[in-house]
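First comes the structure, then the notes that go with it.
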Amino acid sequence: MKKTLKAILCLALVAALVASFAGCAKINYVTNGTIKAIQEVKSGDWKNGGSQGGAEGGAEGGAEGGAAAGDEIVLDAQFEAGTYGGVEFKSVEDVVKYYVEAYDYTKSLTAQYDEGGKTVTYYKLLGDEEMTVGDVMIDGKANAVVNNLVPGIVSGMFKPTPYGLVPCYNRNPDLDNNKEDEHKKNDWDFRTSHFTAEDVLACYVKDNGDGTITIGIQPKAAEMAIRGEDSQGRFFEVLGDIGGVVGSIDMVKFEQGGADENVKVTYKGGTGVVKIDTKTKEIVEADYEMISVVNVTHATITVIKDKSATLNISYKNHYPASDQFLKDSKGITRK
């Protein structure tokens, strides 16, 4: 049981990193979720949670922790100059310019909703969100117990919420900025896109033959991305100042250095695919998937000394959100 308990205590750090998606305000989710997980391990209840729950040790996966080198193109098509849906695209710059114009126009559109019996005004295009955490590695090795417990702990902390097009601070356009973010470097307004052609690793345009075109974009890789500040932060909803969040958790210490030196996040391989009505430049459908690798070194959590942990995070946003998602997540209905 001692070996399993160590794995769960390491997972406490993983849980803290995951919860940082929601910001420091949700640190309580980390504490409560971690305590519950440790209590389940001590009582033996964790054995009921997964097909391999009875395994004391871990699967000896040979993969090493940390992000793989290189920034490879994953899009299944590449940009070719031409006319698509009646729109001429001569260069990547043209593609990004059109995407930004469509983003800005779409975020200028609002709609009224009913929320708790009150009429509220939010973005017309709201999306859902889904986060998957996988391939958890402890000291470079996969652990079956940890990987079986991750989904339950993550689902207990992460509460999907409707937002406007990413990056986005709030579904209410009047609040879609980072004026309240104490870690901000710039006073960004996210009602408009700050994405640039220099941020693009690869892209494509496709004519759908129905008055819409599809634009696919893969931004360049970035380390420790911050919303609005870099290639990933100008395109996705990123983790932000994750080092500061981890450093604020009393239960986490480091054998060498601090959180800034020992908590690293690499973003690469994520893509965005948007469908745009060429008559209006309105985005009518979109799918974004941000992919990141979190690597923690020299972590000490109570009895666990100088451990490393690596995990992959996939964060997806689909637009438009379904009526059911809006209702289930925030009690919102379209009027």
Side-chain angles (χ1 to χ4, degrees), residues 18-23 25-26 29 99-100 102-133 151 154-178 189-193 195 208 210-217 219 227-228 232-240 270-277 280-292 313-335:
V18 171
S20 67
F21 253 114
K26 289 197 175 183
Y29 284 128
Y99 168 77
V100 169
Y103 180 103
D104 292 354
Y105 175 68
T106 303
K107 274 200 160 181
S108 74
L109 304 176
T110 60
Q112 291 188 323
Y113 300 82
D114 181 278
E115 183 175 7
K118 295 182 179 180
T119 298
V120 294
T121 301
Y122 293 145
Y123 284 120
K124 176 183 177 182
L125 185 64
L126 294 179
D128 58 32
E129 57 180 355
E130 175 187 354
M131 182 167 60
T132 303
V133 177
V154 172
S155 65
M157 294 186 297
F158 182 68
K159 306 300 182 184
T161 302
Y163 282 97
L165 287 169
V166 292
C168 186
Y169 218 78
N170 199 291
R171 58 185 167 273
N172 182 342
D174 294 337
L175 302 177
D176 195 10
N177 54 63
N178 67 347
D189 184 332
F190 297 104
R191 288 174 292 187
T192 58
S193 176
F195 195 62
N208 298 318
D210 60 358
T212 68
I213 60 172
T214 294
I215 291 179
I217 295 176
R227 187 194 282 113
Q232 295 278 317
R234 286 188 282 268
F235 195 71
F236 295 120
E237 190 65 27
V238 295
L239 288 166
T271 60
V273 178
V274 301
K275 181 184 290 186
I276 303 169
D277 184 335
T280 61
K281 283 192 180 178
E282 180 180 356
I283 295 174
V284 295
E285 187 176 353
D287 286 281
Y288 295 82
E289 181 179 14
M290 184 213 73
I291 298 176
S292 62
I313 294 177
S314 169
Y315 177 64
K316 297 180 180 180
N317 303 93
H318 172 75
Y319 304 83
S322 69
D323 290 340
Q324 193 63 49
F325 175 82
L326 296 178
K327 181 179 180 180
D328 291 346
S329 61
K330 285 294 179 180
I332 298 173
T333 56
R334 293 183 170 96
K335 299 193 74 170

- Could you state the interatomic distance from OG1 (T271) to CD1 (I291), rounded to the nearest 0.5 Å? 7.0 Å
- Task: Indicate whether the side chain of Y163 and that of E237 have a donor and an acceptor atom separated by less than 3.5 Å.
- Result: no
- Should F236 and S292 count as side-chain neighbours, where that means a heavy-atom distance under 4.5 Å? no
- Item | By salt bridge (Lys or Arg N to Asp or Glu O under 4.0 Å) - contacts of K281 (at least two apart) | E101
- State, yes or no, whether a side-chain contact exists between K107 and S193 at a heavy-atom distance under 4.5 Å. no
- One should read off an interatomic distance between D104 CG and L109 CG, to the nearest 0.5 angstrom, of 11.0 Å
- Query: If you round to the nearest 0.5 Å, how far is CD of E115 from CD1 of I332?
  - Reply: 4.5 Å
- Identify the heavy atoms of T192 and Y103 that sit nearest to each other, and give their distance. C-CE2, 3.6 Å
- Item | Residues that Y99 engages under ring pair (Phe, Tyr, Trp, His ring centres under 6.0 Å), provided they are two or more places apart | F235
- Roughly how far, to the nearest 0.5 Å, is NZ of K330 from OH of Y122? 8.5 Å
- Task: Determine the minimum heavy-atom distance between T212 and D277, stating which atoms define it.
- Result: CG2-CA, 4.2 Å
- Message: How long is the straight-line distance from CG of D189 back to CG of D176, given to the nearest 0.5 Å?
- Response: 7.0 Å
- Query: C168 and Y123: which non-hydrogen atoms are nearest, and at how many Å?
  - Reply: SG-CE1, 4.1 Å
- Message: I need the minimum non-hydrogen distance between A321 and G127, along with the two atoms involved.
- Response: CB-C, 3.6 Å
- Message: For a quick test of reading the model, state the closest non-hydrogen atom pair linking P173 to T110 and the distance between them.
- Response: CG-CG2, 3.8 Å
- Listed by chain and number, what are the side chain to side chain contact (heavy atoms under 4.5 Å, CB included) partners of D114, not counting sequence neighbours? T333, K335
- Item | Spacing of M131 atom CE and S314 atom OG [to the nearest 0.5 Å] | 10.0 Å
- Query: Would you say Y319 and T106 make side-chain contact, with heavy atoms under 4.5 Å?
  - Reply: no
- For K275, enumerate each residue passing the salt bridge (Lys or Arg N to Asp or Glu O under 4.0 Å) test, keeping only those at least two apart in sequence or located in another chain. E285
- Which one of T214, V284, I283 satisfies the side chain to side chain contact (heavy atoms under 4.5 Å, CB included) criterion with V274? I283
- Message: Quick check: closest heavy atoms across P219 and G270, and the distance to 0.1 Å?
- Response: CD-O, 3.5 Å
- Task: Verify side chain to side chain contact (heavy atoms under 4.5 Å, CB included) between T121 and Q112, making sure each step is shown before the conclusion.
- Result: CA-CA 5 Å; T121 301; Q112 291 188 323; 4.1 Å; yes
- Run the numbers on L165 and L125 for side chain to side chain contact (heavy atoms under 4.5 Å, CB included), then give the verdict. CA-CA 7 Å; L165 287 169; L125 185 64; 3.9 Å; yes
- Which residues satisfy the salt bridge (Lys or Arg N to Asp or Glu O under 4.0 Å) test with D323, sequence neighbours excluded? R334
- Message: Donor-acceptor check, side chain of N172 to backbone of D174, threshold 3.5 angstrom: yes or no?
- Response: yes
- Message: List the residues meeting salt bridge (Lys or Arg N to Asp or Glu O under 4.0 Å) with E289, not counting sequence neighbours, and say none if there are none.
- Response: none
- Close side-chain approach of K316 to T132, heavy-atom, < 4.5 Å: no
- Are R227 and Y169 in a cation-pi setup, meaning NZ or CZ lies under 6.0 angstrom from the ring centre and within 45 degrees of the ring axis? no
